[in-house]
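Encoded as C-alpha cells, the structure appears first; notes follow it.
Please read all numbers here as calculations on a predicted model, not as lab measurements. Any value given below was found using the heavy atoms of this structure, including those in side chains, with hydrogens, waters and symmetry copies removed.
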There are 2 protein chains.
Amino acid sequence: MPIKKSASARPVKRTPRRSVLSDEIYEMIKRMIFDHEIAPGSRVNIDALAVQLDVSQTPVREALARLESDGLIAKEPLKGYKATDLLSLKEFNDLFQFRLLIEPWAAEQAAKLVDNTGKTALKAEMQSAKTALKISGDDQFQALTEHDARFHALIASISGNQSVADSYERTHCHLHLFRLFMANKLHLIEGESRAKFVQDLFDEYYQVGSGQLAIKEHDVIAKAIIDQNSKAARTAMHAHIESSLRRFAPAAQAINKK
Amino acid sequence: MPIKKSASARPVKRTPRRSVLSDEIYEMIKRMIFDHEIAPGSRVNIDALAVQLDVSQTPVREALARLESDGLIAKEPLKGYKATDLLSLKEFNDLFQFRLLIEPWAAEQAAKLVDNTGKTALKAEMQSAKTALKISGDDQFQALTEHDARFHALIASISGNQSVADSYERTHCHLHLFRLFMANKLHLIEGESRAKFVQDLFDEYYQVGSGQLAIKEHDVIAKAIIDQNSKAARTAMHAHIESSLRRFAPAAQAINKK
DNA sequence: AAATACTATTTCGTATAGTATTTTCAATAT
DNA sequence: ATATTGAAAATACTATACGAAATAGTATTT
C-alpha cells in the first residue's frame with residue numbers, strides 16, 4: 001500500500017486559500033491610493049507595481065481594471081493608468097449632493113426596518129467610534145474616517161436596499177475625503193514659515209473638534225434608528241451630511257485654489 | 001513651396017488605435033450578457049471565452065474584472081466567474097426605488113440647467129425614438145430599450161452632477177430589464193401549448209403598446225426640460241419611473257415565480 | 001529654430017508553463 | 001439506496017518571457 005502521495009507532498013495541508021491574489025492586490029493598491037503612497041494624478045506603472053508588490057503583472061492588471069471601474073484609477077489607452085486627481089470643488093459638491101439624495105432616505109428606511117441584529121451592530125459601531133477618539137495623532141483621523149465609512153455603509157445596509165447600499169459604497173467618499181485631508185495637510189507642511197502653527201490649528205479643528213462633533217451627530221442618528229423614529233433619523237442624517245460638507249469644504253477649497 | 005509635411009507624412013500611416021483590445025472585449029462580453037448569449041447565472045469559462053473571441057486570456061480577465069465591479073458578473077474565488085442571476089423581485093423593486101431617489105431630482109436639475117446643446121440633444125434623442133417605433137419584431141424592443149437607456153443617461157448628464165450620472169449608469173438598469181424581458185419571453189416560448197398565443201399578446205403589450213406609452217412619457221419629460229419647467233420635469237420623471245415599474249413588474253414576477 | 005529621424009521606454013497583447021483548487025465520477029463503505 | 005472517499009480531469013490562478021505598437025524623449029538635419 002503506497003503512502004498517500006498527496007499527503008506526503010503537502011504534509012501540513014494548509015487551509016485552502018479563501019481569497020485570490022488579485023483581490024489582495026486590489027486592496028493593497030486601494031490602500032496605497034488611500035494614504036498617498038500613490039499620489040493623486042500620478043502615473044501607475046504596472047511593471048513597477050508588480051515588482052514592488054512582488055507579484056506578476058496578471059493580478060496587478062486585474063486589480064487596476066477594477067479600480068478603474070471604481071473611478072479610483074483612470075486609464076488612458078496606450079498611455080497607462082494614473083491615480084485619479086483629487087476632487088475638484090464641483091465634484092466635491094456633487095458628491096455631497098448625491099449623498100443627500102440617498103442617505104437621508106436610507107436612514108429613514110433603516111429606522112423602519114431595523115431588527116435586533118441591526119441595533120446591536122449600530123451600538124457596536126458607536127462603541128468603536130468612542131475608542132477611535134482615544135487615539136492620538138494622524139492615526140486618529142484615519143480611525144475616525146474608517147469608522148465613518150463603516151457607519152454610513154452599515155446604515156445603507158440596514159435600509160435593506162442593495163442598490164442604494166451599492167451606490168453609496170461605490171462613491172468611495174471616505175477615500176476621497178481622506179485624500180483631500182491628506183493633500184491639504186501636506187500642502188500646509190510644505191507651506192510658509194507659519195506652517196507648523198497652522199497645522200496644529202488644523203489638527204485640532206479637524207481631528208479633535210470635528211471628530212467629536214461628527215461622532216455626536218452619528219450618535220443622534222444611531223439613537224433615532226434604534227428608537228425606530230424614521231423621521232428623526234432622516235432629519236439627523238440630512239443635518240449630518242450638511243455639517244460634514246461644511247467641515248470638509250475648507251480643505252476642498254484650499255486644494256482647488258492651490 | 002513644400003507640400004505640407006504633416007499631411008504627407010501622416011496620411012499613409014494608419015490612424016492610431018483609439019481603444020485597446022480589452023475595452024472592445026469588455027463591450028463584447030457585456031453585449032453577450034445583454035442578449036443572453038451568456039445566460040443569467042451561467043458559468044463563464046475564461047479559456048473558452050478567450051478562444052471564442054480569438055484573443056488571449058489577458059484582455060478577457062481585465063474585462064471580467066471590470067464587469068464584476070459593474071455587478072454584471074460575479075466572481076467566486078478559485079471557482080470562476082458567472083453571469084449574475086436575473087433580478088429577484090426584491091432587487092427589481094429596490095432598483096426602481098433607487099431610481100426614484102435620483103432620477104426625478106436629475107430631471108428637475110436638468111430643467112434648471114439645460115442649455116441649447118442639451119435641448120438639441122434631447123430633441124435628437126426623441127427623434128430616434130420615433131424611428132425606433134417603426135422597427136418591427138424583437139429588434140423593436142431592443143431599439144426601444146437602447147433609446148430608453150440613452151434618454152435617461154442624457155438627462156442625468158444634463159443634470160450636471162457627475163456622481164448622479166455615474167450612479168445611474170452603474171445600475172445598468174436597461175440591461176437588467178432587457179434580460180428580464182428576454183428570459184420571460186424564452187420561458188413563454190418553452191411553455192404550454194398556448195405559448196404562441198400568449199407570446200403574441202405579450203409582444204403587443206410590451207412592444208407596441210408599452211413602447212408607445214413609454215415614448216409618450218419621455219416626450220412629456222423632454223418638453224418639460226426644454227421648457228425649463230423644473231417642477232413638471234420632476235413630476236413627469238417620477239410618474240414615468242412608476243409607470244415603467246408597473247409595465248415590467250409582471251415579467252419580474254413571472255420569472256421569480258417560475 | 002523647426003521639422004524630421006531615430007532611439008528608448010512603455011503599454012498592450014500573446015503564448016506557455018506550472019501550481020492550486022474545484023469538480024467530476026466511479027468505486028467503496030455504511 | 002445513500003454517503004464517503006479518492007483519484008482523474010477540468011479549471012482557475014499566477015508567473016514569465018517575448019514581441020508588436022504606440023508614445024516620449026533625444027539627436028540630427030534642414
Any S56(A) side-chain nitrogen or oxygen under 4.0 Å from OP1 or OP2 of dT14(D) = no

Using atom CG of L21(A) as one end and atom P of dT19(C) as the other, report the distance to the nearest whole Å.
-> 17 Å

Restricting both atoms to N or O, compile the protein contacts to nucleotides 10-12 of chain D shorter than 3.5 Å, with distance only.
{"unit_1": "dA12(D)", "atom_1": "OP2", "unit_2": "N45(B)", "atom_2": "OD1", "d": "3.4"}

With sequence neighbours excluded, tell me which residues meet ring pair (Phe, Tyr, Trp, His ring centres under 6.0 Å) with F151(A).
-> H147(A), H218(A)

Please report the C-alpha distance between F96(A) and F248(A) in whole Å, then the side-chain angles of each, then the deciding distance to 0.1 Å, and finally whether the ring-ring contact (aromatic ring centres under 6.0 Å, His included) criterion is met.
-> CA-CA 10 Å; F96(A) 273 86; F248(A) 279 101; 7.0 Å; no

In terms of side-chain heavy atoms, does T84(B) have a donor or acceptor partner in R179(B) at a distance below 3.5 Å?
-> yes

Residues R170(A), D166(B): salt bridge by 4.0 Å N-O rule | no

Does dT30(C) have a Watson-Crick or wobble partner in any strand here, with both distances under 3.5 angstrom, and which is it?
-> dA1(D)

Quick one: is dT14(D) close enough that its OP1 or OP2 comes under 4.0 Å of any side-chain N or O from T58(A)?
-> no

Rounded off to whole Å, could you give me the CD-to-P distance for the Q57(B) and dC12(C) pair?
-> 19 Å

Does dA3(C) have a Watson-Crick or wobble partner in any strand here, with both distances under 3.5 angstrom, and which is it?
-> dT28(D)

Considering only NZ, NE, NH1 and NH2 on the basic side and carboxylate oxygens on the acidic side, decide whether D23(A) and K75(B) come within less than 4.0 Å.
-> yes

Short N-O contact, D35(A) and R31(A), less than 4.0 angstrom = yes

